[in-house]
Structures are given as structure tokens and as C-alpha cells.
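Here the structure comes first, spelled out in C-alpha cells, and everything after it is commentary.
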Amino acid sequence: MEASSSGSNIPAVTNGKTKIHHAEGTEDLQSNQLETQISIKPDVQRTDVDFSEILNAIQEIAKDVNIFFDELEGVNSPFKDDDSLLHHGNLTSTSDDASRLETVGEGVPDKNKSNGLYFRDGKCRIDYVLVYRKSSPQTEKREVFERNIRAEGLQMEKESSLTNSDIIFVKLHAPWEVLGRYAEVMNVRMPFRPFNPFTAGAPCILVRCCFLNGHVLEINGQSRRSRRKIYYLHRRHKFMNRIERQISRFRGWLPRKPMRLDKETLPDLEENDCYTAPFSQQRIHHFIIHNKDTFFNNATRSRIVHHILQRVKYEEGKNKIGLNRLLTNGSYEAAFPLHEGSYRSKNSIRTHGAENHRHLLYECWASWGVWYKYQPLDLVRRYFGEKIGLYFAWLGWYTGMLFPAAFIGLFVFLYGVTTLNHCQVSKEVCQATDIIMCPICDKYCPFMRLSDSCVYAKVTHLFDNGATVFFAVFMAVWATVFLEFWKRRRAVIAYDWDLIDWEEEEEEIRPQFEAKYSKKERMNPISGKPEPYQAFADKCSRLIVSASGIFFMICVVIAAVFGIVIYRVVTVSTFAAFKWALIRNNSQVATTGTAVCINFCIIMLLNVLYEKVALLLTNLEQPRTESEWENSFTLKMFLFQFVNLNSSTFYIAFFLGRFTGHPGAYLRLINRWRLEECHPSGCLIDLCMQMGIIMVLKQTWNNFMELGYPLIQNWWTRRKLRQEHGSQRKASFPQWEKDYNLQPMNAYGLFDEYLEMILQFGFTTIFVAAFPLAPLLALLNNIIEIRLDAYKFVTQWRRPLASRAKDIGIWYGILEGIGILSVITNAFVVAVTSDFIPRLVYAYKYGPCAGQGEAGQKCMVGYVNASLSVFLVSDFENRSEPTSNGSEFSGSPLKYCRYRDYRDPPHSPVPYGYTLQFWHVLAARLAFIIVFEHLVFCIKHLISYLIPDLPKDLRDRMRREKYLIQEMMYEAELERLQKERKERKKNGKSHNNEWP
């Protein structure tokens, strides 16, 4: 065996001799990947090749490679159990193996006793906590429940509260035997021991070994740290390898990515890319178990204990079972897993390491100092579970996708700013000092010059310019790309988190459903057991009543919008007669601003009512399972809040100023109030104000309620504890006492978080053509929202149960529906609300460039005058006639005034009839809507078709992994049988027909 002279002692095989060259030296170990190619070439001069010698040589290679990498691991290999992220001492040190963490000496149990995470003996870790009051009348049920808990094998310990002697904490611990038994029942996937690739028998093998922070994580199956997945890669051409090396060298010159977490000073935050398989006690030797106490992480242990508690009886009877029922009837006050200690530390995490996973999450995720960095999703999943991890993965993906949308929206706005001075329409409005506009309300509103709306015309151009249509198409396509690529991202996450093959268990029937329909039963086709049954007629009648309730609440929303419309009609005249000149001269803007604020208050008040109504209607439907109840409640709440939030916006976008009539023949509400007209510069400015104010106020209120309210509640609780027990006594409270004083997670789980983001997604896409800055506001809010939610989960809430989920559930279907609706609404906004189509018709048909096929700014000369009609002042109705006669403009009473519409002059054969230009504009608007919708929908479907839901490399990896797992299981089983055969031969025992 020849030793390599390049600084490495790794052997190799070349023509039957062991030799491996490591050309890059030891510095290559600091690279992210190491590729070792082992080739077996036939010797052309030898014809009597002994293949057994070659195989023996390969096995010797494996042993030598193991020795080499085990030596590396003894120096700088990170421990890969659940505590692998906890580094005691300087994080740059290279020795933090499990044995060092566990064999600290006799002081470990004493330390465990004081941190409040273990039983009194300091050895049994607390996996779950139940809380009840001694004064509770449900003593008998609780005693039976706890007796059955012990019968299941769970260990129990009780403690009285230090602040209230009436409160009792029940601490639960699951021993290894219980964890193993139920992990097998629940099909919990755990790290699987891979087989040795050097014994695979392939003549040419290219093994990619994963490195992280310079630490080898895997080289073969016999290394005790070898847990990462190995993939066999195709050979690449030397030219491609050179290109890759040049690209890597070029990347080395670039500055480090500031958004990635610093892995040199922080622990490994990536989830172990391991082969996993459902846990089996019969094949326990196939799993990588370094320490039974840390083999199942804390989140998995709590999930297993919760699974047991949900199936323990508390009273005789087939339906008297489960912790949820005891929480409902008041037997227990609370139930939660413990946080892993404090989230703060006196020492810096960069010098002394993280105290626990909660502290690590706070420093690298919930702290405001890391707001610009990527989220450690694997760590979030490990601590809070897959369901919460998927929410933050979706939120991070949505926020990242908002960057191009925000950039393009800002570009559209800046394009309007740069072209403002060249806009012919705004120039004509600002120079139209001789054009007198008719009053916009009855009596008190005066005549006004068109040039007085110069500012509003310029602001309108910022949002309604030539790039608006492009942005509307872009956002419709963006919504599709966002959803399609999220499906791909979700598939990758599901693969990394072992959710591909995970299926939800057969859900239990809700207690309310059982109590209601316990007299009628039928056989469950899946379980084969009798269960309560709801008749089809009863279900249909309840759904009809529920749908009627939904329709009634939508009518309530429409009534609220009608009230806002009446307010706008009444107050515009009031503000026009106001004493203050600032309000009197800007009566329409003041009306819009105050109406939006009142509308926001009504929205928030109705949301409280809608929640109660949605609960009532959902319970009336009597859903069979919790997931059915959750989906039904989610759909109702979304419908209520979506209609409540967007009804006024729809009114302003599509109805304001559309059905007002014309001077002398105004349409009125209840034959009394004249309908509100648009500003002389158009209605788009009102829509922009509506969206901007509602979006900012809604996001500010949501952020306050999400974080401010729990902060105030927790502060008040700490204040009472300080007053009663002193600050030093509070610091010595055990962990279960501290967690009990935190706020519980929302009763609806992640519903409020998802609902807030989905409604924001609707604002960002549905009316984005009228407000291009909406994606930018959403992006800024989401950057804050991620850290607010992280801070809330880590510091302000009790630790939620780590639940599993494969996707975001019903919310994905809602997102698709919003994407379809956004195409329709943006088509109508561009065609109806903005002046894009009238300008286009004028440029090609009626302007100076008519018939020439041009549509530049020079073609818009005279557009403003062509878009205004003439009205004879003497034709005003008595109740509409203004108090002033307009003599202040020309020294004599006005005879004519102008208004926005395409109508004939008063002396035409058909006074105030629609002109031909009106019908041309109307036809162009309808044509644009049809063409826009069909074009965008075709693009959306084409993108959906071209983007596969599953990335090709992921599909190949999944197939390869399935094949390798089968090979590993075969190799491991074959090895075990061969060992058993050898042992039987040594003992002199043999059997006939033995396999293999």
C-alpha cells in the first residue's frame, strides 16, 4: 500500500494496487464538496485476475477511509442528534461530541434539576405538561385519566404552583420503550443507516461527500457520523469541470452572501440530509442511534405523548376518550410542551454558544438584528414542527417573490414621475384656466376652474401612465409564477422533511358530532368500526341554513357600503360649505379621506361580528372531523373578511361616478341624495387613497394585535408576579411556571396568520393596476411580519404542539381563486377606471394623428377639451342650482360650464345625447377586457403547463433514494443473516435449507 505524498493518507485502487491521490492537499477539506473517484481497470498484461483480491482491496479502502475520517471526526465533527445545535463554549472549538455533553460529571443531574426541564431526579426529561385546578369539580375523570396514562407507560410527577396553590402541574415523561412502541405505530421516520458504497460492486464509482464548515459529514456507511444521503453522479467532461472550477474561483472573489446565516460563528442550521425510514423496533439495528435520550428530538417526543393522551380514556364508554374533551369540559386548564429554557443569555452566542434551541432560534431568527437574513427553516421545523415550518417557508417564499413585483411597481411609479413633465394631458389640465367646470354637488359646491385640479392630474399620472397595462399583465403572470414555483418549493421541502409519503391518520370524530348523532351509526369503510352517521337530508338542510347565513352577512356588508356612500354624498356638500378654506377648497379629498377612515373602523367592528357568526354557522353544520370543521370555518371567515375589506374598494373602482347622470338630470338615492361624481381628474385618485389608507392601517393594526397585545398581557402578568413575589423569586421559577404565564397560541392555530397574508395578497394583486406601490408596501410589511411572528412564537407564546402537514391546505385553493379574480378586476380597472382606453381611442381616431397609426404625446393635443361636454347653466334643476352664478371668473354670470362625459351640446337636435365617440370608447373598453382576459389566462395556463410541479432533479433523487434504501435494507439484512450463520457454525449448530 502506497501512501500519498500530497498530505493525505487515503489509499486508492489502481490496477489492483491501493492508491488515492489528493491533489489539493488538506486545504481541499475546507471546500463544500469532495469528489473521490475510484476506478478498477483491467490489466491488459494480466489475464488471470483474481477478483476476490480486488474486492478485498476495496474493503481495505473502506476501512482506511473510515479510519481517516474518524480521525477527522474526533477533532471537528459536529454531533448530529437533536442536541447537535447546542454548542457549549466557543463555537469555533471543534469538540462537542455527545459524550462530552453527557459525561460532564455528577453535576449534570443537579443542573437538570434547577433548569425546570426534568423531573426531580434530573434524569427524566419533561415531555408534556398538564395544568389543572384543585378546585375543579372534574376530579374523578381526571384521576381515571391519569391512572390510564400510567398504564400506557408514561411517567408522571406533580408540582404545585409557586404563585397559586390551587394550580397543579402534571409533568409527563415518555421512556424509551413507550417512545419506540408509539413511534412505530405513528410511522415516525428516523435516520436510517446507509450501506457501504465501496462494497456495491460497481466497477467505477464516483462518490460525493458532503462537507459543512470543513467538517466531513459522510464518506461511507460504517462511519458513525455517516448520515447524509449519497448520490451517484454521472461522469462529467473535463471541460465542464474546468468551467466549474473557474466559476467557483470567481465566486471566491465576490463578497460573501450577506443574507445567509454565518455558519462559521453559528452552529449548523441545516437539517441532516439523511436517509430515513419508518421506525421499527424489529429493525432497530438499521437506525443510527448514538444516544437513546436524544434519538427522538423534543418535538417528536411531545408529539408522541400528545398522540397517547388523545387516545386515553377518562371514563367508561366508547366516546369518553382524549385530552381535548377534558380541556373542553374544564378537567384540565392547559396542556403544552415546554420551551427549552430561556431565550436570553448573559453571554454572547458567538463566544459561548447557544444555551438551548430556543435561545438559538431567538438569536438567528427572532432577533431584529438578523432581519435581512434567510430563515433557518430546518431549525424552525425541528422546534415547532412541520406545520409551522411550512407557514414560515410559504411566508418567506411569498416575501422573496414580492421583490420583483415591488421593483416593477416602483419602476412604474418612477416612470410616471420622470414622464410627468412630458404628459400632454396634465399639461392641458394645468393650463386650462379658461375652462370652468360644473359644481360636483348640489347648491353649496361652487364652479371651479379645471386648472385647480392640476395637482390631482399630476398625481393621477403617477399611477395611470403608459406602463400601467404592462404592470397589470405582469402581476397576473407573477401570481401564477408565484403559485407554480411555490408548488415546486413545497415539493423540495416535503422531500427534505420526509413528508412525501406521509399521510394524515384517520381523524377522530368531533365530540359534538358524536353527541348529536350517537343514535345513528354505520360502518366506517376504512376502519370497519361503527361510527355516528349524519343523514343526507339533515346535512343538506344545515348547509342551506349556513349558506343563507352567509348570504345575509354579505348583505350586511353591502348595507355598510351603502351607508358609506350616503355619508360621502352628504358630507361633500357639508365640507363645501365649511368655514375653513383648506377644507372648503378640497372638499372631495376630505370626504374621501374621512370616508376611508370610517370604513376602516366599520371593517374592524364587523370582523368581530363575523368571527362569531362564522363559529355559529360552522357549528350548525356539524362537521364530522376537525379538519372539516377547520376548512369550513376558514372558508366562511375568508369570504366575510374579503367582502368586508374590498366591498368599498369595488364600489370606488367600478361604480363611483359611473351612474350619476348629467347636469340637469342627475340620478339620486331615494330621490333625495345626488350620487357622488368623480373628480375632474378622474376616479383613480380616490381608488389609490382607498387602497393606500386601508392597507397601511390594516397592516399596522394587525401587527399591533399580533405582538403588542401579547406583550402587554405578558408584561401585566410579570408585573403582578413582581409585586407579589419579588423579582428574584420570579427569576427562580421553573420552566413550566414560566411557560404557563405566557399566552397560549390562538385557538384557531395559524388561521389568523394565514388570513392576514391572504388578504394582503388580494390587495397586492386584485387592484394593483390602480396602485402599483401595493407590492412595495406588502414587501416592507412582510419583512417586519416575519420577525414579528418569529418573536411572538419564540418569546410571547407557549410552545405549540409540533404538528405535521404536507402543504398549506385550503389556503392554496383560495390563492388560486384570488389569482383568477385579479385578472378580471385588473382588466376592468384599466378599461373602466383609468383613462387608458379613452386616450387610446382619441389618439388613433380623433386626435391630430388620427389614421396615421401613431399614439405619442403629440397625438394627445386637445384630448382634455374633447373629453369634456358643454352644459347650459340655465338648465340646472332648482335643487341643484349653485348659490353662486360664477361671476367671479369673468365678471358676468356664467352661461356654460363643462363636465366629464361624451354628450352632445345643449343646442343639438338631441340635447345631451351620447356622441359617437362615447360608443367608440365603450366598444374599445369591452374589446380590451375580452382580449386582456383571454391573453392573460392563456399565458397563465401556458406557464402552469410549462412549469412542472416536481423538479426533475428532485424526481430523480426520490427514485434513486427509493432504490438505494431497498439496497441498504437488503445489504443490512444479508449482513445480519451472515453473522448469525457464522455464529451458529461456531456454536456447532447448523440447519438445512438455510438462506442465504
Side-chain angles (χ1 to χ4, degrees), residues 402 406 409-410 412-413 416 453 455-456 458-464 557 560-572 574-575 582-583 586-607 641-657 676 678-679 681-706 708 755-782 784-785 822 825-826 829 833-834:
L402 279 174
L410 183 62
V412 171
F413 179 79
S453 60
V455 175
Y456 302 109
K458 291 182 177 180
V459 173
T460 300
H461 176 74
L462 300 180
F463 301 101
D464 184 14
V557 176
V561 174
F562 185 76
I564 295 296
V565 171
I566 294 178
Y567 168 82
R568 295 171 67 103
V569 169
V570 172
T571 53
V572 69
T574 305
F575 285 145
L582 179 63
I583 295 179
N586 300 277
S587 58
Q588 199 163 14
V589 176
T591 301
T592 302
T594 55
V596 171
C597 294
I598 294 174
N599 185 33
F600 174 76
C601 295
I602 293 175
I603 288 173
M604 302 312 297
L605 291 175
L606 287 178
N607 282 345
Q641 296 216 18
F642 180 81
V643 174
N644 187 29
L645 189 65
N646 294 283
S647 54
S648 296
T649 310
F650 271 90
Y651 164 75
I652 293 175
F654 305 129
F655 297 98
L656 179 62
E676 187 180 6
C678 291
H679 197 273
S681 298
C683 294
L684 199 66
I685 188 66
D686 297 280
L687 184 58
C688 292
M689 289 182 61
Q690 172 82 12
M691 291 188 62
I693 295 175
I694 291 292
M695 198 169 184
V696 172
L697 291 180
K698 188 78 166 58
Q699 292 177 349
T700 304
W701 176 260
N702 287 338
N703 290 336
F704 169 77
M705 291 302 296
E706 284 188 4
L755 180 63
E756 177 188 355
M757 289 295 102
I758 298 300
L759 291 175
Q760 183 206 84
F761 179 80
F763 253 93
T764 306
T765 55
I766 292 179
F767 293 104
V768 73
F771 192 57
L773 295 180
L776 180 62
L777 294 180
L779 174 63
L780 298 177
N781 174 79
N782 287 6
I784 300 173
E785 179 75 21
S822 67
T825 53
N826 281 302
V829 166
T833 309
S834 74

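Quick note: residue numbers are just sequence positions, from 1.
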List for me each residue that meets side chain to side chain donor-acceptor pair (under 3.5 Å) alongside [X], sequence neighbours excluded, and say none if there are none.
| X | result |
| --- | --- |
| T594 | Y567 |
| N781 | N703 |
| E785 | none |
| S648 | N599 |

What closest approach, in Å, do [X] and [Y] show between heavy atoms, and which atom pair accounts for it?
| X | Y | answer |
| --- | --- | --- |
| V557 | N644 | CG1-CA, 3.8 Å |
| A770 | C688 | O-SG, 2.9 Å |
| M691 | F763 | CE-O, 3.6 Å |
| P775 | L402 | O-CD2, 4.3 Å |
| G416 | H461 | O-CD2, 3.2 Å |
| G409 | L773 | O-CD2, 4.4 Å |

Sequence neighbours left out, what passes side-chain contact (heavy atoms from CB on, under 4.5 Å) with [X]? Give chain and number order.
| X | value |
| --- | --- |
| L605 | none |
| V696 | T700, L777 |
| V459 | V455, F463, I685 |

>> Using the rule given for side-chain contact (heavy atoms from CB on, under 4.5 Å), can you reason through N826 versus F767, listing the C-alpha separation, both sets of side-chain angles and the distance that settles it, and then say yes or no?
In response: CA-CA 6 Å; N826 281 302; F767 293 104; 5.5 Å; no
> Is the shortest heavy-atom distance from the side chain of N782 to the side chain of Q760 under 4.5 Å?
Replying inline: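 Of all side-chain heavy-atom pairs linking Q760 with N782, at least one is under 4.5 Å.
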>> If you define the side chain from C-beta out and look only at heavy atoms, does anything of F654 sit under 4.5 Å from T833?
In response: yes
Approximate separation, where rounding is to 0.5 Å, of [X] [atom1] and [Y] [atom2]:
| X | Y | atom1 | atom2 | result |
| --- | --- | --- | --- | --- |
| F771 | Q690 | CZ | CD | 11.5 Å |
| K458 | T460 | NZ | OG1 | 12.0 Å |
| I603 | I598 | CD1 | CD1 | 12.0 Å |
| Y651 | R568 | OH | CZ | 6.0 Å |
| L759 | Q641 | CG | CD | 6.0 Å |
| I602 | N607 | CD1 | CG | 12.0 Å |

> Can you list the residues that meet the ring pair (Phe, Tyr, Trp, His ring centres under 6.0 Å) rule with F642, with sequence neighbours excluded?
Replying inline: F638
> Any salt bridge (charged side-chain N to carboxylate O under 4.0 Å, His left out) pairs touching residues 593-604, not counting sequence neighbours?
Replying inline: none
>> Could you check whether F650 and F655 have their ring centres less than 6.0 Å apart?
In response: no
